[in-house]
Amino acid sequence: MLQLNNIAKSYQAGQVKCQALSGVNLQIKHGEMVALCGPSGSGKSTLLNICGLLDLAYQGELYFDGEHLHNNAHHCMLLRRQQLGFIFQRFNLVPVMSAYENVEYPLLLNKMSAATRRKKVLQILDAVGMSSFTQAKPECLSGGQQQRVAIARALVHQPRLVIADEPTASLDSVSAHQVIELMKSIGKAQQTTFVIATHDSRMSLHCERQILLHDGQIQSGGDRQCVA
Ligand code: ADP
Ligand code: MG
């Protein structure tokens, strides 16, 4: 699904250069649920942004489904819209939109018909247990409920890959447990691949593989360099 060859990324903050990632080699198989672990500042979000085709300014090679992405911004935008879903720590729902509208949005971007949109949105809001809150705005929902809507939004267009950055970090144990179970069950039904940055053992222990990052390098769980 994803292959990273010798990925490096540095940030320039004024005179100071920060090497956020170096020599990252990683292969993620279709349908895998992978946890990216490591202390704060170890490069989890940086690596996730590269895997999610959000950050195209890196060194090294990235293959998506066997295709070398030559940092082509337009192509990456289309892949993000059609084949990727995103879940964030702070939910990132659009505040002026209802739960229904938030979940419908990726389908609108993908130009689905009104009837198909309605069917898919209601179906997935039901799957995440949010059928009774379709018209609620995010501010009226608890953190756990917002994250369940965000999971529905990330998965409604049946993406091949979902990127999640600390999806349980803002949640109490009960909500975190629900969120993990939903990601697993809907992901399994749709054969979704997940890459999840987390320092929450409640989350990482549910993943099939734990990749440990330290100071921008993979300490364990990665791969030697491989050729696509
Ligand atoms: P994590 O998600 O594991 O906490 P990050 O990927 O956010 O780690 O950060 C990795 C390193 O890159 C840290 O040293 C961080 O300070 C630095 N960094 C991240 N984003 C930026 C940025 N936009 N500008 C400068 N430095 C950054
Ligand atoms: Mg982070």
Side-chain angles (χ1 to χ4, degrees), residues 1-28 32-64 69 71 73 76-77 79-80 84-93 143-144 146-147 150-151 153-155 159 161-173 175-176 179-180 183 187 192-223 225:
M1 177 82 248
L2 267 187
Q3 185 169 320
L4 284 73
N5 289 350
N6 210 14
I7 295 285
K9 165 83 190 178
S10 59
Y11 295 103
Q12 190 82 37
Q15 303 281 6
V16 186
K17 185 177 166 191
C18 167
Q19 192 68 39
L21 292 175
S22 52
V24 170
N25 295 303
L26 186 58
Q27 201 170 24
I28 293 167
E32 238 189 332
M33 193 176 212
V34 172
L36 273 183
C37 311
S40 185
S42 57
K44 301 184 296 297
S45 294
T46 301
L47 186 53
L48 218 51
N49 290 341
I50 292 171
C51 290
L53 318 184
L54 293 164
D55 180 359
L56 309 181
Y58 54 83
Q59 289 83 50
E61 295 175 328
L62 177 66
Y63 292 81
F64 186 92
L69 299 181
N71 302 36
C76 287
M77 183 271 287
L79 284 176
R80 280 201 305 275
L84 277 95
F86 297 89
I87 302 172
F88 304 95
Q89 177 176 349
R90 298 262 163 221
F91 327 126
N92 294 21
L93 298 175
Q146 288 187 58
Q147 198 62 310
I151 290 171
R153 176 182 62 179
L155 286 155
L161 174 64
V162 168
I163 299 292
D165 200 348
E166 306 279 1
T168 54
S170 305
L171 302 178
D172 62 77
S173 304
S175 303
V179 157
I180 293 164
M183 287 170 69
T192 320
T193 308
F194 284 93
V195 186
I196 305 166
T198 185
H199 57 250
D200 182 349
S201 60
R202 295 174 302 195
M203 182 81 240
S204 56
L205 292 175
H206 278 270
C207 293
E208 289 148 8
R209 182 149 65 112
Q210 288 82 30
I211 295 160
L212 182 62
L213 271 176
H214 190 79
D215 287 344
Q217 296 189 316
I218 293 183
Q219 297 281 293
S220 61
D223 303 284
Q225 184 162 357

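Order of appearance sets the numbers: ligands from 1, and atoms from 1 within every ligand.
Nearest non-hydrogen protein atom to atom 13 (C) of ligand 1 is Gly41 O, 3.7 Å. Tyr11 CE1, 3.3 Å is the protein heavy atom nearest to atom 19 (C) of ligand 1. At the top of the distance list for atom 8 (O) of ligand 1, counting protein heavy atoms only, stands Gly43 N, 3.2 Å.
Close approach of ligand 1 to Ala20 (heavy-atom distance below 4.0 Å) involves ligand atoms 11 (C), 12 (O). For ligand 1, the atoms closer than 4.0 angstrom to any heavy atom of Ser40 are 4 (O). The ligand atoms of ligand 1 that sit less than 4.0 angstrom from a heavy atom of Cys18 are 12 (O), 14 (O), 17 (C). Of all atoms in ligand 1, numbered sequentially from 1 with element shown, those under 4.0 Å from a heavy atom of Ser45 are 1 (P), 2 (O), 6 (O), 7 (O).
Using a distance-only test at 3.5 Å, with no hydrogens or angles considered, a donor-acceptor pair links the side chain of Lys44 to the main chain of Pro39. A donor-acceptor contact shorter than 3.5 Å links the side chain of Gln210 to the backbone of Ser204.
The shortest heavy-atom distance from Pro39 to ligand 1 is under 4.0 Å.
Of the residues Val195, Ile163, Leu36, Ile211, the one that meets the side-chain contact (heavy atoms from CB on, under 4.5 Å) test with Leu47 is Leu36.
Note that atom 11 (C) of ligand 1 has protein non-hydrogen atoms nearby, at separations under 4.0 angstrom. Within the 4.0 angstrom cut-off, atom 26 (N) of ligand 1 has one or more protein heavy-atom neighbours.
Evaluated by nearest non-hydrogen atom to atom 9 (O) of ligand 1, the leading choice among Ile50, Asp165, Thr46 is Thr46.
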Test side chain to side chain contact (heavy atoms under 4.5 Å, CB included) on Asn49 and Lys9; report intermediate values, then the result. CA-CA 11 Å; Asn49 290 341; Lys9 165 83 190 178; over 6 Å; no
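In summary, Ser45 places an N/O/S atom under 2.8 Å from the Mg ion (ligand 2), meeting the contact criterion.
The distance from atom NE2 of His206 to atom CE of Met33, rounded to the nearest 0.5 Å, is 9.0 Å. Between Leu171 atom CG and Gln89 atom CD the span is 8.5 Å, to the nearest 0.5 Å. The distance from the CG atom of Leu213 to the OG1 atom of Thr46 is 9.0 Å, given to the nearest 0.5 Å. Note that the CZ atom of Phe86 and the CG atom of Leu48 stand 8.5 Å from one another [nearest 0.5 Å].
If you look at Ser42 next to ligand 1, the close heavy atoms, those under 4.0 Å, come from the backbone and the side chain alike.
Other residues, nucleotides and ligands place no more than 12 heavy atoms under 6.0 Å from the CZ atom of Arg90.
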